[in-house]
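When a residue number appears, it is its place in the shown sequence, counting from 1. Whatever order the structure lists them in is the order used to number ligands and atoms, beginning at 1. Everything quoted here is computed from the prediction, not taken from an experiment.
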Amino acid sequence: MSKSPIDKALTPEKFENLKIKTPPTNSAGFRGLKAALSHANKYMKIKDALKVSLKINQKGGFDCPGCAWPDPDDDRSFLGEYCENGLKAMAEEMQNKLIARDFFAQHSVDELASLSDFEIGKSGRLVEPMFLPEGATHYQPISWDEAFSKVGTNLNALDHPDEAVFYTSGRTTNEAAFLYQLFVREFGTSNLPDCSNMCHEASGSALSETLGIGKGSVTLDDLYKAELVMVVGQNPGTNHPRMLSALEKTKKNGGKIIAINPLPEAGLMKFTQPQNPIKMLTGGIQLSDVFVPITINGDVAFFKALLLKLLEKEENTGNVFDKPFIEEYTNGLEDFISDLKTYDFDECLQASGVSKESFDEVFDLILSKNKIIICWAMGLTQHENAVDNIRELVNLLLLKGSIGKVGAGTCPVRGHSNVQGDRTVGIWESAPQAFLNKIEAKYGFKPSTKHGYSVIESIKAMYEKKAKVFFGLGGNFISAVPDTVYSAQALANCNLTVHVSTKLNRSHLVTGKEALILPCLGRAEKDYQKTGVQTQSVENSMGVVSSTKGILEPCSDSLMSEVAVVCGIANATLNERSKINWLAYKDNYNLVRDDIAEVVEGFENYNSRINLPSGFYLPNGARVRKFKTKTGKANFTINKLPDWKLKEDELIMMTMRSHDQFNTTIYGLDDRYRGIFNERRIIFMNREDMKLRSLEENDVVHLKSEYNGVIREANNFKVVGYDIPKNCCATYFPETNVLVPLDSFAHTAKTPASKSVRVVVEKA
Ligand SMILES: Nc1nc2c(c(=O)[nH]1)N[C@H]1C(S)=C(S)[C@@H](COP(=O)(O)OP(=O)(O)OC[C@H]3O[C@@H](n4cnc5c(=O)[nH]c(N)nc54)[C@H](O)[C@@H]3O)O[C@H]1N2
Ligand SMILES: Nc1nc2c(c(=O)[nH]1)N[C@H]1C(S)=C(S)[C@@H](COP(=O)(O)OP(=O)(O)OC[C@H]3O[C@@H](n4cnc5c(=O)[nH]c(N)nc54)[C@H](O)[C@@H]3O)O[C@H]1N2
Ligand code: SF4
Ligand SMILES: [Mo]
């Protein structure tokens, strides 16, 4: 009997061979360099690795497909503007193993699903379109034309365009993303869920409401000039490694750094610049001046405690708040203050799990500094009260006037290399009316004004058979989304699932009745079209748009670019119905950029500005104190203290990334900075919590989570004693996504609460 969709979706429960070492206190340095080179050496052709390492993130080169951290505007190190994980991302994308029809003929879908995510990823690059017919056990080759027409036929057979869901992951370039959303809107729906829905959506919601723009306000230069940088709920040593070089500059300029995190993440502690051989020998610098081991989801409480003390001090001395700023630029101070006064300092501090000593150190720094930047990532955005986390930190910045001036502001550090750009050019299930009006004016069709499905709503719609076709432009939907068991059934309920991908992943194996895999070019590959090799563009975490152009020969002649795939599908689906000449775009991407320039604010003269060596900044109101909110001012907000209490035997669990993965792509089985080697099925626990449960290191446990009466289970994890606050524990994503309830998400933003999962740990 063949495997059920659920069996195929869950990661296999087998153990490798766990080795635990004392976590290092230093990041990057020699070991980082060695790890990156050995990864490249193992999976790439050496000449390609060399070529790539010289061009990655260089002006006129191509953008690292890793994270969205910006490149310096001025000089870039010729030795290499990349980090260990950037090179690993490249090596993964450009691996020299290829998988074509014989691979799929040899291995059934069931067989592939029994591999680990690490093994699936290492199968190689996809090189030709593949089709899984209804009831078939194996994928078989299909021509591009047939594939396009299959998608078109399925889409056109739907009763309504809203029965299709079009997902995007954040690697897609501006050009491909713009055309994709244009096609989806002309087809007739706004169902454009994207990875952002699971990522920084809460930041977008909170920042739009309070500051009038869903993006951060600072530039790299601000970071260098800040007096105080708070890094909250973020692990830059692993996930944004070159941020550490920027923080090193902040320190050199006299700035202070506070890390607020349940874990003492190595990168936030000590850092050795890998591009500087002398520093490698001297052992690097201490980055954080204060480390605050906060309890998971203790951030609103901690910020409230800070705000209460700031208020008290202001009332005593009158020189804490930036009154001229508050007066001129903000709204809602009085209501905010009267609500704040209803909270008790001791209660807040206790709920945050932070000691009075740590609190005082943080408070003194905040009090004495006026140029403050707050950086954050998933540690703040993946909770039910995620939007409150971010609104509360904005309250603090507003009181201090730390926004819209040099060295101060908001810094949500984005994930995928172009996730911010995708949203800017229209990947948005609830796009603003002004944007839709511009589409209508330019193209002459009326886009749907109904809000489309976000990720969570898409899953529900597929489960309930209200959506019947799933299309993914990049990403690995089944492994990225919460509630794996429910979500697997949702995908299985579809008539057709389609993935445009560079590499094999689990989402290709948890399919609708029929499925297609459409292989596409990676970032580093030359994109040959009729008018020559095409340039594309991306926007980084600080709103800089720059060009990216591949430098390696494509690994197969049968690959298409994402732009060409979108054009092919739009043409096959809409055909004569369309008001747009879809096939023209793919011959010359300048035409796409001309359209973006007309439709999206801030892209004037796109085609010429894209040639500027460091790209160009998009307009950013918050950066210049022009707050485009409903009130026309920066808004203080009122946020409730989250009221979550654990049951006696429960722990609160965060699901996070190891040092050896990019989201669902598993580069390897080590998490070097946390002292973990050769295993992913582990649970980090406080040693007292272990003792209470009579657990020893290496014991095997099962995890159960109860939410609204439903019990979810994930079995077989090894216990690791760790420096994590009591009542907290941590596991890796995606192994424990099965425990994240679909109904547990951030209010307003609907980001799954994958850092706030209640679990009970039971000895196997
Ligand atoms: N190498 C590599 N780079 C990546 C990625 C990758 O997987 N690998 N992913 C990319 C993507 S898409 C994203 S979104 C980013 C993710 O970047 P991060 O947000 O840094 O990634 P996570 O591993 O989810 O780590 C969350 C951090 O928040 C802390 N944390 C968890 N819960 C809380 C809390 O309640 N409060 C506080 N204060 N801290 C908490 C955790 O201890 C951890 O240090 O990285 C991007 N870059
Ligand atoms: N429990 C838990 N769940 C989480 C998170 C968490 O912290 N905890 N984090 C969430 C976050 S922040 C995010 S962003 C999502 C990530 O969700 P996704 O974006 O869906 O997942 P990725 O793992 O980044 O996608 C990897 C796949 O993209 C394809 N790919 C890679 N490069 C390209 C390319 O250039 N073009 C195309 N077309 N395809 C490409 C490859 O086939 C690869 O397998 O996961 C979310 N899920
Ligand atoms: S910091 Fe991010 S963008 Fe920069 S090289 Fe590393 S992975 Fe790539
Ligand atoms: Mo993300």
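- Residue Tyr167 has at least one heavy-atom neighbour below 4.0 Å for each of these atoms of ligand 2: 17 (O), 18 (P), 19 (O), 20 (O).
- Ranked by closest heavy atom to atom 22 (P) of ligand 2, the top entry among Thr664, Val738, Val757 is Thr664.
- Checked by distance only, ligand 1 and Gln661 come closer than 3.5 Å through their nitrogen or oxygen atoms.
- In this structure, Arg681 forms a cation-pi arrangement with Phe717, its terminal cationic atom sitting closer than 6.0 Å to the ring centre and no more than 45° off the ring axis.
- Heavy-atom distances between Arg523 and ligand 2 stay at or above 4.0 Å for every pair.
- Distances from ligand 2 to the non-hydrogen atoms of Lys755 include at least one value under 4.0 Å.
- Taking the six-membered ring wherever Trp is involved, the centroid distance between the rings of Phe477 and His499 does not fall below 6.0 Å.
- Taking every non-hydrogen atom of Ile296 and a distance limit under 4.0 Å, the qualifying atoms of ligand 1 come out as 35 (O).
- Counting heavy atoms only, Gly474 comes closest to atom 39 (N) of ligand 2 of the residues Gly474, Pro734, Ser754, Cys195.
- A donor atom on one side chain and an acceptor atom on the other are found under 3.5 Å apart for Arg523 and Ser417.
- Counting atoms of ligand 1 from 1 in the listed order, those under 4.0 Å from a heavy atom of Cys67 are 47 (N).
- Scanning all protein heavy atoms for the shortest distance to atom 43 (C) of ligand 1 gives Glu265 OE2, 3.4 Å.
- Checking Glu201, His200, Arg657 against atom 11 (C) of ligand 2, the nearest heavy atom belongs to Arg657.
- Evaluated by nearest non-hydrogen atom to atom 3 (N) of ligand 2, the leading choice among Asn737, Asn663, Thr381, Thr484 is Asn737.
- With a 6.0 Å cutoff to the six-membered ring centre and a 45° limit on the axis angle, Arg171 counts as a cation-pi contact of Phe662.
- Listed here is the closest heavy atom pair of Arg506 and Leu115: NH2-O, 2.8 Å.
- Here atom 21 (O) of ligand 2 lies nearest to Asn476 when heavy atoms of Asn476, Thr173, Ile666 are compared.
- Atoms of ligand 1 found under 4.0 Å from any heavy atom of His383 (numbered from 1 in listed order, with element): 34 (C), 35 (O).
- Residue Asn297 has at least one heavy-atom neighbour below 4.0 Å for each of these atoms of ligand 1: 34 (C), 35 (O).
- For the 3.5 Å distance criterion, the side chains of Ser454 and Glu457 qualify, holding a donor opposite an acceptor.
- For atom 41 (C) of ligand 1, the closest non-hydrogen atom on the protein side is Asn261 OD1, 3.6 Å.
- Atoms of ligand 1 found under 4.0 Å from any heavy atom of Met656 (numbered from 1 in listed order, with element): 23 (O).
- Every atom of ligand 1 with a heavy atom of His240 under 4.0 Å away is listed here by number and element: 15 (C), 17 (O), 45 (O), 46 (C).
- Of all the atoms in ligand 1, the ones that sit under 4.0 Å from a non-hydrogen atom of Met378 are 14 (S), 16 (C), 19 (O), 24 (O).
- Of the candidates Arg171, His499, Glu562, Met653, the one placing a heavy atom closest to atom 38 (N) of ligand 2 is Glu562.
- Of the protein's non-hydrogen atoms, the one nearest atom 2 (C) of ligand 1 is Asn239 OD1, 3.4 Å.
- For atom 44 (O) of ligand 2, the candidate residues are Asn505, Leu473, Thr172; the nearest heavy-atom contact is made by Asn505.
- For Phe104, the ring pair (Phe, Tyr, Trp, His ring centres under 6.0 Å) partners at least two apart in sequence or on another chain are Tyr139.
- Close contacts of ligand 1 with Cys199, meaning ligand atoms under 4.0 Å from a residue heavy atom, involve 14 (S).
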